[in-house]
Structure formats: structure tokens, C-alpha cells
Amino acid sequence: MTLYGEKSPPADDRPTVQVTAVTWPVAESEPTAPVPPRRGRRTRLLVAAGAAVAVLGSVAGVGAYAYAGDVPRGTTVLGAELGGRSRADAVRELRAELDRRAAALAEPLALRVGERDLRIVPAEVGLTVDVAATVAAAAEAEAHPVSRLVGSRSVQPVVSVDVDRLHAALQKMAGDQGRKMTMPAITYAGTTPKAVHPKPGLALDPQRSAEVVRAGWLAGGPVTVPLLESHPATTGEEVDRLMTELARPAVAAPVELTTDKGSVTIAPKAIAKSLRFTADRTGKLTARVDVKRLRAALGDDLSSVEVPPKDARMAVTAGRPKVVDPGRPGRQLDTAGLARDLLAVLPKADGREVTGRLAPAQPELTAEKLGGLGIKEKVSSFTTRFTGGLSSSRSHNIVTVAREVDGTVVLPGETFSLNGHTGERGYAQGYRDAPVILDGKLVPGVGGGISQFTTTIFNATYYAGLEDVEHKPHSYWFSRYPAVIESTIFWPNLDFRFRNNTEYGLLIDTSYTSSTITVSIWSTKIYDSVKTEYGPRRDITTPKTIYLAPGPSCIPSSGINGFAQDAFRIIRKDGKVIKREKFSWRYDAEPRYICGQEP
């Protein structure tokens with residue numbers, strides 16, 4: 001018998017079974033009978049059967065040896081023999097081999113990124129051999145039967161790395177070798193379109209970097225990490241085509257918008273303000289009409305064809321918040337259809353007409369919605385004092401902004417912006433000149449005094465436990481305000497913003513007297529209390545004296561000490577402190593300004 005197609009060995013080497021002949025006793029009186037022919041045949045069958053059993057036993061033994069363990073025999077990883085072992089034993093053997101190599105594996109890895117040679121510590125970027133995954137790969141290694149007996153194979157270890165940590169380390173080391181991709185763009189300066197042609201970026205790709213580092217870590221030589229060039233999806237030629245086919249003809253002539261209530265002319269200037277060319281993350285440049293910008297550009301022109309919806313309004317009456325105006329629906333242009341149809345005619349030289357469909361428009365706030373917001377009780381209130389009575393310009397500005405904010409409803413999850421709510425606060429909006437801090441000194445400026453209202457509303461939202469999004473205390477401390485817990489504002493750069501981080505709506509209620517301004521927050525009370533604990537004042541500085549040229553723009557001041565201080569907002573609920581927030585600020589010493597020549 002042969003194994004796996006080998007040539008038959010010589011007859012003397014064939015496995016045999018030794019059989020002893022068996023004779024049966026006979027009576028002395030009877031003659032010995034010759035052996036029957038069938039007996040010889042039986043003997044040959046016994047011999048053949050024995051030989052077969054022996055050969056099968058030999059084959060089974062060889063197979064058992066070849067297929068012993070979970071990992072094929074002859075399999076090594078990093079020089080460690082894992083073949084013929086169970087997975088558990090293979091894991092132990094590989095771990096032992098890694099322990100023997102621990103010092104070498106911990107050595108910094110040499111890298112080359114662009115023009116820089118770098119070194120990273122494997123442990124700092126999570127570079128390691130994944131033992132379990134490596135043993136699993138070794139167990140799955142292909143090995144045909146003969147190879148399992150006499151062959152060998154080396155399985156590469158499975159290497160893992162923390163992609164994010166590696167990318168952060170490489171970016172820090174690589175420095176400014178890369179460059180950001182210049183996205184394609186088209187903008188308007190007035191009605192003149194300006195093109196920005198795309199440029200490719202050069203940067204590290206996190207996945208590609210991880211791939212080459214994993215592959216090269218155990219190879220023994222420096223690893224080259226490539227900087228990959230990425231191109232925006234829209235080419236320079238396509239930007240030029242958009243300029244020729246859309247951007248320039250779009251503002252070459254007006255577009256006539258016709259509705260069943262009349263017509264409105266959309267001038268090139270309004271088109272330029274509303275036609276937007278934007279690129280996505282891949283650098284694909286697309287054009288669209290921003291109807292919100294179009295509305296702003298058309299201004300009052302739309303009032304001849306539209307009836308805007310009116311929100312329901314709530315106010316505090318007789319000490320309780322009530323819906324005082326149910327609001328009303330309106331009729332406005334179908335914005336989706338208008339944007340689509342207007343974009344379609346902008347490339348044309350003739351036939352620049354679109355038909356606008358007026359659709360019912362519901363108010364954002366209905367009486368029913370207001371009633372379901374949980375606005376039922378006063379949550380907080382804060383008052384500050386001012387001088388000069390209501391006739392002074394500063395007091396006038398405080399009252400004007402208070403009236404604009406009064407009755408504002410902030411829905412759950414929404415962020416309120418004071419600048420966003422009032423818009424620019426200039427002469428056209430009814431504000432007057434009053435002292436403001438500019439470049440470290442008091443000077444006349446339109447809207448002076450608005451910071452006092454900002455401080456008042458900031459404190460009202462602070463003591464309601466609402467989320468502070470943006471505020472900035474004054475450069476100098478004024479005794480009319482609580483230290484640290486106060487805020488200034490300046491259009492358009494400095495804003496005050498808070499987020500309604502509760503599940504209820506809230507109503508901002510403002511009131512004033514000839515010497516006070518009060519802001520109250522009405523909602524559903526969810527905290528037991530909100531209080532402030534102050535740390536001591538530190539780093540106190542004294543003011544210096546500065547002489548200024550006398551005149552209408554010079555406002556004298558007596559000077560205020562500077563200091564640093566911490567304030568802690570302590571919020572309690574169900575008898576426990578659930579939040580402790582730290583607010584810190586450093587005030588400069590306000591100089592003592594004297595209007596006159598230095599003696």
C-alpha cells in the first residue's frame with residue numbers, strides 16, 4: 001500500500017502480518033486427511049485483512065500527528081513556533097516571545113514625513129501586536145497535508161495602532177509641511193462676481209498613515225509616511241464655466257416675480273445677495289438661491305404681495321403669564337418653488353420671469369403651542385439701578401432695548417442672542433449717544449447704557465439656572481454691578497447669549513421705573529435654589545492718573561481699583577447640590593481721567 005501517490009516500496013519493505021498455521025487434532029485410528037482447498041483461501045484472507053488494519057493504523061497515526069492542535073504544524077510568528085498547539089497554548093507562547101522582545105519593541109520608531117525625520121514611541125500611539133488576532137490568523141493559515149508534515153510557514157503578526165493618537169502625533173511632528181485645500185468659490189462684490197479657483201491640498205491621511213506604520217513597525221527600517229495630495233471635486237475649468245454660464249448672466253438684468261396679488265421686481269443687487277455658490281467637503285461647487293437672503297434684500301417690496309403670519313403673544317398680566325394675542329396665519333411665497341424657478345431663469349438673457357405661488361403660512365407660535373410650554377411661574381428676577389431719570393440718553397437706551405426684548409419666548413433647546421434679537425442698535429433704531437468704554441476710556445457712543453440691560457438679563461438667566469453660552473464682563477468694575485457676574489455688549493462683535501436647557505419654554509418679562517430696570521424669567525421652576533459664593537479678591541491694582549484734552553468727548557472718572565475674583569454658581573435640587581460652576585474674571589484698574597492739562 002502507498003501513501004498519497006508515492007511509488008510502491010520493494011516487496012521486502014511492505015508491512016506484513018505474521019500468521020501461525022492452525023491444525024486440528026484427529027483420532028489415531030483414522031488416517032490424516034488432506035487440507036481442504038477452502039482452508040488455504042481462508043488463511044490468505046486473514047493475512048490480507050491483517051495487513052490492511054496495520055496500514056490503516058499507520059495512516060491514522062500520521063494524520064493525527066499532522067493535524068494535532070489548532071495551529072498547523074510548522075507555523076511560526078516572529079520566530080516563535082506555534083504549530084501543533086491549541087489556541088490557548090499558542091497565545092501563551094506568542095506572549096512569551098513578545099516579552100522576550102519587549103525592550104526592542106518599545107524602542108522609538110523612526111519615521112520620515114515629507115522632509116522631516118521623526119521618532120515616535122510605540123506605546124504613546126497604541127502601537128502593539130494583537131496577540132489574539134495573530135493566533136487566529138495563524139490558525140487559519142493554509143497548509144496542505146504534506147506541508148503539515150514536512151513544510152513550514154511564517155505568519156505576519158497582526159499589528160494594531162490608535163489611529164487618532166497616531167494622526168495627532170504625526171500632525172504635531174510634521175508641522176507646516178502640508179497645505180489646506182483651496183475650495184472653489186464664487187462671490188459677489190456688489191453685482192460683480194469674483195471667482196476663487198481650487199488648489200489641491202497636501203496632508204496626512206489618518207488611515208493611510210496607520211496602514212504604513214502597522215506594516216513597517218516590525219520590519220526594522222525607517223517608515224515613510226506619505227503626505228497625500230487631494231483635489232477638490234470641482235476644477236478650475238468648471239468654476240470658469242459657472243462664471244460664464246450663471247454667475248455673470250444672473251446679475252445682468254432684473255427678474256420679474258409675478259403673483260396673483262401683484263408683481264415684484266428682483267433687482268440684480270438682490271439677486272447677487274441671494275445667489276450662493278457653496279462647496280461641500282469634497283470641494284464640489286453648487287449654486288442655490290437663498291430665499292431668506294432674498295427676502296432680506298427685497299425688504300418691504302414683498303409686503304405688497306405677502307401677508308406675514310403673526311405669532312401669538314404672551315405677557316404677564318395681573319401677576320400671571322397669559323396669552324394676550326392669539327396671532328394669525330398669513331400668506332407667503334412658496335420658498336422652495338421660488339428658489340428652484342428663479343435659479344432656472346438666471347442664466348437666461350430673455351424671458352427672465354418667474355411665477356410665485358402664495359401659500360398659507362402658519363405662525364411659529366400659536367396660542368395652543370404657547371399654552372403647552374409650561375410657562376406658569378416666576379423662576380428668577382434681577383434688578384439694577386441707574387441714575388439720571390428717564391430723560392437721560394443712557395436711561396432712554398436702557399428702556400428702548402428692554403421694550404424690544406419684553407415678551408420674548410425662548411423654546412426648549414433654543415439659544416437666545418441679544419444682538420440677534422435686536423439687530424444693530426443705531427440712530428435709525430431709536431438709540432442715542434451715551435458714554436461707552438472704548439479703548440479703555442469712556443467716550444460718547446450710540447447705544448451707551450445697553451451693557452446695564454445686558455448685565456440685568458444675564459443675572460436673570462444666571463439665577464434661573466440657564467446655560468451660559470456667551471458673555472464678557474466689563475474691563476473695569478462698576479459698583480452698580482455684581483462683581484464677575486455681569487456682562488457688556490457691543491454691536492456686532494460682543495454678544496450675550498444663553499440657551500434654554502430645560503424642557504419648558506420661558507418668557508422674558510422686562511419692567512422699569514425712573515431709576516431701575518428689572519428682567520424676570522417665567523417658566524416652570526426646576527431647582528430649589530441658585531446662589532453665588534464668592535472667593536476673595538486678589539491681585540489688587542491701583543489706578544493711574546491720565547490727563548486728557550478737555551472737550552465734549554472727554555468724560556472724567558475718579559478711577560477704580562483692579563482685581564481678580566472667582567464666583568461660584570451653586571445650584572440645588574431635591575436638597576442636594578447638583579452643580580457648582582466657576583466664573584472668573586480679572587478687572588483692570590480704571591485710570592483716573594482728568595479733562596485738562598497735566599500740572
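One is the number of the first residue; the rest follow in order along the sequence. Owing to the predicted nature of the structure, the values given are computational and were not obtained by experimental measurement.
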message = So, taking the atom named OG in S209 and the one named CG in L228, what distance separates them when rounded to the nearest 0.5 Å?
response = 7.0 Å

message = Quick check against the 3.5 Å criterion: does H396 have a side-chain atom that pairs as donor or acceptor with the backbone of G430?
response = yes

ask   = With a 4.5 Å limit on heavy-atom distance, are the side chains of T383 and T456 in contact?
value = no

message = Would you compute the distance between atom CD of E581 and atom CD1 of I570 and round it to the nearest 0.5 angstrom?
response = 9.0 Å

query = Heavy-atom distance under 4.5 Å between the side chains of P543 and N561, does that happen here?
reply = yes

inquiry  = Given 3.5 Å as the limit, does a donor-acceptor pair link the side chain of D433 with the main chain of S393, or not?
reply    = no

task = State, yes or no, whether a side-chain contact exists between V409 and L506 at a heavy-atom distance under 4.5 Å.
result = no

query = For E590, does its backbone N or O pair with a side-chain atom of D588 as donor and acceptor, under 3.5 Å?
reply = no

query = Backbone N or O of R499 within a donor-acceptor pair of the T415 side chain at under 3.5 Å?
reply = no

key: Pair W217-V161, side-chain contact (heavy atoms from CB on, under 4.5 Å): steps then yes or no   = CA-CA 10 Å; W217 176 36; V161 68; over 6 Å; no

key: Where L166 and A210 come nearest, the two heavy atoms and their spacing   = CD2-CA, 3.7 Å

key: Non-hydrogen atoms of D528 and K573 that approach each other most closely   = OD2-C, 3.3 Å

ask   = Quick check: does any side chain N or O of D280 sit under 3.5 Å from a backbone N or O of T282, one acting as donor and the other as acceptor?
value = yes

query = Please, which pairs that meet ring-ring contact (aromatic ring centres under 6.0 Å, His included) have at least one residue in residues 537-567, sequence neighbours excluded?
reply = W477-F563, F563-Y587

ask   = When you look at T455 and H474, which way does the side-chain contact (heavy atoms from CB on, under 4.5 Å) test go after all the steps?
value = CA-CA 10 Å; T455 288; H474 289 79; 4.1 Å; yes

query = Should P482 and N459 count as side-chain neighbours, where that means a heavy-atom distance under 4.5 Å?
reply = yes

query = Roughly how far, to the nearest 0.5 Å, is CG of D566 from CZ of R586?
reply = 12.0 Å

request  = Report yes if the distance between the aromatic ring centroids of F382 and Y462 is under 6.0 Å, otherwise no.
outcome  = no

request  = Please report the C-alpha distance between Y431 and V401 in whole Å, then the side-chain angles of each, then the deciding distance to 0.1 Å, and finally whether the side-chain contact (heavy atoms from CB on, under 4.5 Å) criterion is met.
outcome  = CA-CA 9 Å; Y431 291 89; V401 69; 3.6 Å; yes

query = Less than 4.5 Å apart, any side-chain heavy atom of I450 and any of F496?
reply = no

key: Minimum side-chain heavy-atom gap L411-E364 below 4.5 Å   = yes

inquiry  = If you count every heavy atom of other residues, nucleotides or ligands that lies below 6.0 Å from K472 atom NZ, does the total exceed 12?
reply    = yes

key: N-O pairing of D468 and R569 below 4.0 Å   = no

key: R320, CZ: over 12 other non-hydrogen atoms inside 6.0 angstrom   = no

ask   = Only one of I120, L170, D164, V213 forms a side-chain contact (heavy atoms from CB on, under 4.5 Å) with V125, so which one is it?
value = I120

ask   = Say you draw a straight line from CZ of R313 to OG1 of T408; how long is it, rounded to the nearest 0.5 Å?
value = 11.0 Å

key: side-chain contact (heavy atoms from CB on, under 4.5 Å) evaluation trace for K378 with V316   = CA-CA 10 Å; K378 185 185 292 186; V316 177; over 6 Å; no

inquiry  = Determine whether a donor-acceptor pair (N or O, by modelled atom type, separation under 3.5 Å) exists between the side chain of N500 and the backbone of Y504.
reply    = yes

request  = Identify the two heavy atoms, one from A312 and one from P326, that lie closest to each other, and give their separation to 0.1 Å.
outcome  = CB-O, 3.5 Å

key: Least distance between heavy atoms, D406 atom then T510 atom   = OD1-N, 2.9 Å

key: Salt bridge present between R293 and D290 (N-O < 4.0 angstrom)   = yes

query = Does CZ belonging to R538 count more than 12 external heavy atoms closer than 6.0 Å?
reply = yes

task = Could you verify whether a donor N or O on one side chain and an acceptor N or O on the other, from S417 and D495, lie under 3.5 Å apart?
result = yes

inquiry  = Does R592 have more than 12 heavy atoms from other residues, nucleotides or ligands lying within 6.0 Å of its CZ?
reply    = no

request  = Answer yes or no: is there a donor N or O on one side and an acceptor on the other, between the side chain of W585 and the main chain of A483, under 3.5 Å?
outcome  = no

request  = Taking all heavy atoms of T134 and all of V158, pick out the closest pair and write down the distance.
outcome  = OG1-N, 2.8 Å

inquiry  = Side chains of L294 and L342, heavy atoms from C-beta outward: is any pair under 4.5 Å?
reply    = yes

query = Nearest heavy-atom pair of L109 and P122: which atoms, and what distance?
reply = N-CD, 4.4 Å

query = Is there side-chain contact between Y512 and L390, with at least one heavy-atom pair below 4.5 Å?
reply = yes

task = Identify which one of T524, L507, I521 satisfies the side-chain contact (heavy atoms from CB on, under 4.5 Å) criterion when paired with I375.
result = L507

request  = First locate atom CD of Q332, then atom CG of L338, and finally report the distance between them rounded to the nearest 0.5 Å.
outcome  = 12.0 Å

message = If we ignore hydrogens and angles and just use 3.5 Å, is the side chain of E306 paired with the main-chain N or O of L333 as donor and acceptor?
response = yes

query = CG/D130 to OG1/T128 distance, rounded to the nearest 0.5 angstrom?
reply = 7.5 Å

message = Treating T516 as the side-chain partner and R385 as the backbone partner, does any N or O pair qualify as donor plus acceptor under 3.5 Å?
response = no

message = Closer than 3.5 angstrom, by distance alone: can the side chain of E377 be matched with the main-chain N or O of K525 as a donor-acceptor pair?
response = yes

